[in-house]
Amino acid sequence: MKITVRVYATLCRYIPGAVAGIPFDIELPDGAAVADLIGKLEIPEGGVKVTFVNGRTQPPNWILKPEDEVGIFPPVGGG
Amino acid sequence: MEETEQKERAGDPGSQDQASSVLLEDLSYPIDYLGESQLVIEDDALLKWARSRRLSPREAQIEALKSRIIPLRYAKNFHSLTLAEQKRICESRILVCGCGGLGGVLISLLARAGAGTLRLVDGDVFIPSNFNRQWFCDTQHLSRPKAEVAGERVRAINPLIEVEVFSTPMDENNAGALVGGMDLVMDALDNLPSRFLLAEAAKQFRIPFIHAAVAGWWGQVSTFLPESLLNLHDIYGHEIERDPTEDVLGVLGPAPAVIGSLAAFEAIRLLSGRNPAYADQLLYLDGESGRMDVIPLRENFSGKR
């Protein structure tokens, strides 16, 4: 199935050619979860804190559907 | 200085009687504003009137607004705000934890907006690496406590409001005392444990909480109202410390300027009685790409803790 992905901030460095906030498509097997997507993108697990699917945050075990739009970003903590 | 003047006046019954007979209306004057006549009063006249009535400047500005007289320094807040909304802002009490990058921006804007009482907390002193982004860090302020400098700047920006300065870090022992009695709690801190502590104290005292954070080109704002089922763990997950790689990112000056300003907008919305924009949502700014997204949050982590 095709999933549209946006990554933000420092996560772009893990994905060749990725530009923050600009969507790109990725193929995943049917029934794949958010965690599978993160694995496929080779983003280290510790670097991801928030994943949103179709505009709502979802946990790593959330099952994706074809054409879902997923955004992944690391929350920041400085002041 | 002002206290001395006040005591001198109070010790002179003649001048006291004379001064107290002066009406606020006599010290104000009309200006034409967008085709309407509006009474305004300048700082010096209002402060003089406050002394004559033995009112604090904070009380005096509220009295002026009750009499439909606008302190001239707030004239440009209208018609973005109504008179009633400006009065609510002038009556409000706000805790700002952190007087660094975010805090410097937030505190400046809230002081200029007329926020009645600003309680400022920061246990740090200014160091040279603060220059690139912290508005209160000037060359003459190095090694000085951030909260103390922030307090001085607030007094210089707006003598009509009250400022309370705490140059000690917030911790488990003082969090409740700092948060108690406030109308709004603002998180401009730089570490996760303190953010969680402040958020919990705000929740316990049922006070709205605005969270702001930055790193590198990036930043975020979120609001948690007392009745919200969500909390900061729905943003940070199970993390309890800042990601150490963030230190490498540093912070670019515009990040706290933009995020602090968005948080100040949110504060003005809440304090004036309007709806918040980011309640249970996360605004995420990516300054590198120029994009900004507002994402609804849901209970991912808080229920599992």
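Quick note on labels: first sequence line is chain A, next is B, and so on, each numbered from 1.
Only the backbone of B:L189 comes within contact range of chain A, judged by heavy atoms closer than 4.5 Å. Interface residue A:Y8: backbone and side-chain heavy atoms are both found under 4.5 Å from chain B. With a 4.5 angstrom heavy-atom cutoff, B:V214 touches chain A via backbone and side-chain atoms both. Neither the backbone nor the side chain of B:I259 comes within less than 4.5 Å of any heavy atom of chain A. Proximity to chain A (any heavy atom under 4.5 Å) is restricted, for B:D293, to the side chain, taken from C-beta onward. Contacts of B:D286 with chain A are made by side-chain atoms alone, with heavy-atom separations under 4.5 Å and no backbone atom involved.
Taking the ring axis of B:F209 as reference, the NZ or CZ atom of B:R195 does not stay both within 45° of it and closer than 6.0 Å to the ring centre.
In B:F196, the CZ atom is crowded: over 12 heavy atoms of neighbouring residues, nucleotides or ligands sit closer than 6.0 Å.
In this structure, A:F52 has its ring center closer than 6.0 angstrom to the ring center of A:F73.
When each of B:G287, B:S289, B:G104 is scored by its heavy-atom pairs under 4.5 Å with chain A, the top score falls to B:S289.
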- Passes side chain to side chain donor-acceptor pair (under 3.5 Å), B:D183 versus B:S92? Steps please. CA-CA 6 Å; B:D183 299 307; B:S92 61; 5.2 Å; no
- Item | Check against side chain to side chain donor-acceptor pair (under 3.5 Å), A:E69 and A:T4 | CA-CA 5 Å; A:E69 293 187 7; A:T4 302; 5.3 Å; no
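Note on ring orientation: taking the six-membered ring where Trp is involved, the planes of B:H211 and B:Y236 are perpendicular (angle over 60°, cut-offs 30° and 60°).
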